[in-house]
**Student:** 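Can you keep this structure in mind? I'll have questions shortly.
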Amino acid sequence: MVLAFQIRKILIFMFFLVQPLLGLDSAELDRLIDCPTAGLLGKGRYAVGLRLFADGGVLTKVQAGALKRLTIGLSFGARHLIGRGTIDWQPRAEVEVRYRVIEESEVFPALALGYDSQGYGPNLLGNYENKPKDFFGVLSKNYMSAFGQFGLHAGFNVSSEANSGSEPRGWFGIDKGLNEDLSALFEYEMPLNNLDDANGVINIGVNWILSSVLHIRIFGKDMLLRDKLHSDSSRELAIVYSENF
C-alpha cells in the first residue's frame, strides 16, 4: 500500500511537471529537406526561415498560417550573396500555398495539396538545381513506438508549363526522433515517367529543436551523387523561427 501510494505521488508530480511542456505551441514539420510534408503552421502562426546553400547562396522564406488548414508563403534568394563575385538574384519571388484536405487520424494519414514555385540550390539560367514542386500532393503519418517517434511521408508533383526541364516526380521520406530535441531526416526523390533514369536523389539531414520557436537544420544533399552535373554532394544550413502573431 505504501509503495502504491508513493508511485501515485510520483505520477501526479510527473503529470504537473510535464503538462506545461505538452502545452507548448510549436510548428509542425512542414518539409523534410527539399520535399514538403502534410505539416502546417497552424492558424495565427508565422515562420521566418533562412537557408544557406552552395555557391554562397541564401534563401529567405516567410510563411503564415492563414487558416487552420491553410499555410501560405513567400520566398526570395540569391547566389553569391556570401563571399566573392557578383550577386546573382533569383528571377522573382516565389510563392507557396498548402491546404490540408484530410486531417491525420489514428488509422489514416493526413493529406495536403499545394503549389510551391520555389526551387532549391543555385539558380542557373533560370532553372534551380532542385526543381520546384509546383503542384503537389503529400501524405504524412506519425507514429509512436518503442524506438520513439517517427513520421512517414510520400508525395508526388506535376510541374507547370513554365517550369522548363522538369518532369513529374515522386518522393518518400522519414523523420525519426532521436531524443526530445533532435530528429533525423531522410528523403528519396525520383522521376515518375522514366524509372530507368538514374536521377533519383537521396538527401539526409538533422533537425535540432533549440526551443519551441527556434529550429536549426543541417542537410546533406545528393548523397549518392546521382546528379550528373556535380561531382560531389553539398551541405546546407537552415534556421527557422516560428511564433504566434
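Side chains included, hydrogens not; waters and symmetry mates left out as well; all remaining heavy atoms used.
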**Student:** List the atom of S242, the atom of L41, and the distance in Å for their closest heavy-atom pair.
**Tutor:** OG-CD2, 4.0 Å
**Student:** Taking atom CD1 of I218 as the centre, does the number of heavy atoms from other residues, nucleotides or ligands within less than 6.0 Å exceed 12?
**Tutor:** no
**Student:** Output the distance between atom CZ (F172) and atom CE (M190), rounded to the nearest 0.5 Å.
**Tutor:** 6.5 Å
**Student:** Test side-chain contact (heavy atoms from CB on, under 4.5 Å) on Q63 and L40 and set out the steps.
**Tutor:** CA-CA 10 Å; Q63 295 173 290; L40 300 177; over 6 Å; no
**Student:** I'd like to check the side chain to side chain donor-acceptor pair (under 3.5 Å) partners of S183; sequence neighbours left out, ordered by chain and number.
**Tutor:** none
**Student:** What pairs of donor and acceptor atoms, side-chain ones from residues 47-57 against any protein atom, are under 3.5 angstrom apart with sequence neighbours left out?
**Tutor:**
from, atom 1, to, atom 2, distance (Å)
R51, NE, E236, OE1, 2.8
R51, NH1, I33, O, 3.1
R51, NH2, D34, OD1, 2.6
R51, NH2, E236, OE1, 2.9

**Student:** Compare every heavy atom of P132 with every heavy atom of N157, then report the nearest pair and how far apart it is.
**Tutor:** ND2-O, 4.1 Å
**Student:** Is there a side-chain contact (heavy atoms from CB on, under 4.5 Å) between C35 and E189? Walk through the geometry before answering.
**Tutor:** CA-CA 8 Å; C35 299; E189 188 176 4; 3.8 Å; yes
**Student:** Checking S140 now: which residues fulfil side-chain contact (heavy atoms from CB on, under 4.5 Å) with it, not counting sequence neighbours?
**Tutor:** T37, A38, V138, H153
**Student:** Using 0.5 Å steps for rounding, measure from the CD atom of Q118 to the CG atom of L59.
**Tutor:** 4.5 Å
**Student:** Cluster question for you: counting only ILVMFWY and a side-chain heavy-atom cut-off of under 4.5 Å, with indirect links fine, are L111 and L67 together?
**Tutor:** yes
**Student:** Run the side-chain donor-acceptor check on residues 201-208: report pairs under 3.5 Å with partners two or more places apart or on a different chain.
**Tutor:**
from, atom 1, to, atom 2, distance (Å)
N203, OD1, D222, N, 2.8
N203, ND2, E187, OE2, 2.8
N207, OD1, R217, NE, 3.1

**Student:** Could you give the side-chain donor-acceptor pairs of residues 76-84 under 3.5 Å, partners two or more places apart or in another chain?
**Tutor:**
from, atom 1, to, atom 2, distance (Å)
R79, NH2, D88, OD2, 3.3
H80, ND1, T86, O, 3.3

**Student:** Go through it in stages, so that I can follow the logic: the residues are Y120 and E129, the test is side-chain contact (heavy atoms from CB on, under 4.5 Å), and I'd like the CA-CA distance, side-chain angles, deciding distance and then a yes or no.
**Tutor:** CA-CA 6 Å; Y120 292 93; E129 183 177 282; over 6 Å; no
**Student:** On a heavy-atom basis, which atom in P91 and which in Y128 lie closest, and how many Å separate them?
**Tutor:** CD-OH, 4.4 Å
**Student:** Are L210 and V240 linked, directly or through intermediate hydrophobic residues, by side-chain heavy-atom contacts shorter than 4.5 Å (ILVMFWY only)?
**Tutor:** no
**Student:** Could I get the full list of side-chain contact (heavy atoms from CB on, under 4.5 Å) partners for V62, not counting sequence neighbours?
**Tutor:** none
**Student:** Please find the pair of heavy atoms, one from A64 and one from F245, that lie closest to each other, and give the distance.
**Tutor:** CB-CZ, 4.0 Å
**Student:** Are the side chain of S117 and the backbone N or O of E94 linked by a donor-acceptor pair below 3.5 Å?
**Tutor:** no
**Student:** Hydrophobic clusters join Ile, Leu, Val, Met, Phe, Trp and Tyr when side-chain heavy atoms are under 4.5 Å apart, directly or via other members; which others share one with F108?
**Tutor:** V107
**Student:** Taking it one step at a time, do F186 and L32 satisfy side-chain contact (heavy atoms from CB on, under 4.5 Å)?
**Tutor:** CA-CA 7 Å; F186 168 89; L32 293 166; over 6 Å; no
**Student:** Can you tell me how far CD of Q149 sits from CG of L178, rounded to the nearest 0.5 angstrom?
**Tutor:** 9.5 Å
**Student:** Locate the shortest heavy-atom distance separating I102 from P109; write the atom from each residue and the value.
**Tutor:** CG2-O, 4.2 Å
**Student:** Holding to side-chain contact (heavy atoms from CB on, under 4.5 Å), I want the full list of residues that pass it with E104, two or more places apart in sequence or in another chain.
**Tutor:** A110, K141, N142
**Student:** For residues V58 and Y241: do they belong to one hydrophobic cluster (side chain heavy atoms under 4.5 Å, members Ile, Leu, Val, Met, Phe, Trp, Tyr)?
**Tutor:** yes
**Student:** Heavy-atom distance under 4.5 Å between the side chains of K133 and P36, does that happen here?
**Tutor:** yes
**Student:** Can you list everything that forms a salt bridge (Lys or Arg N to Asp or Glu O under 4.0 Å) with R100? Sequence neighbours excluded, please.
**Tutor:** E28, E103
**Student:** Report yes or no: do L214 and L237 belong to one cluster of Ile/Leu/Val/Met/Phe/Trp/Tyr joined by side chain heavy-atom distances under 4.5 Å?
**Tutor:** yes
**Student:** With clusters defined by side-chain heavy atoms of hydrophobic residues (ILVMFWY) lying less than 4.5 Å apart, directly or transitively, does L70 cluster with V101?
**Tutor:** yes
**Student:** Not counting sequence neighbours, which residues clear ring-ring contact (aromatic ring centres under 6.0 Å, His included) with Y115? List them please.
**Tutor:** F135
**Student:** Please name all residues satisfying side-chain contact (heavy atoms from CB on, under 4.5 Å) with F150, sequence neighbours left out, ordered by chain then number.
**Tutor:** Y143, S145, L152, K176
**Student:** Taking only residues two or more places apart in sequence or in another chain, which ones pass side chain to side chain donor-acceptor pair (under 3.5 Å) with R98?
**Tutor:** E96
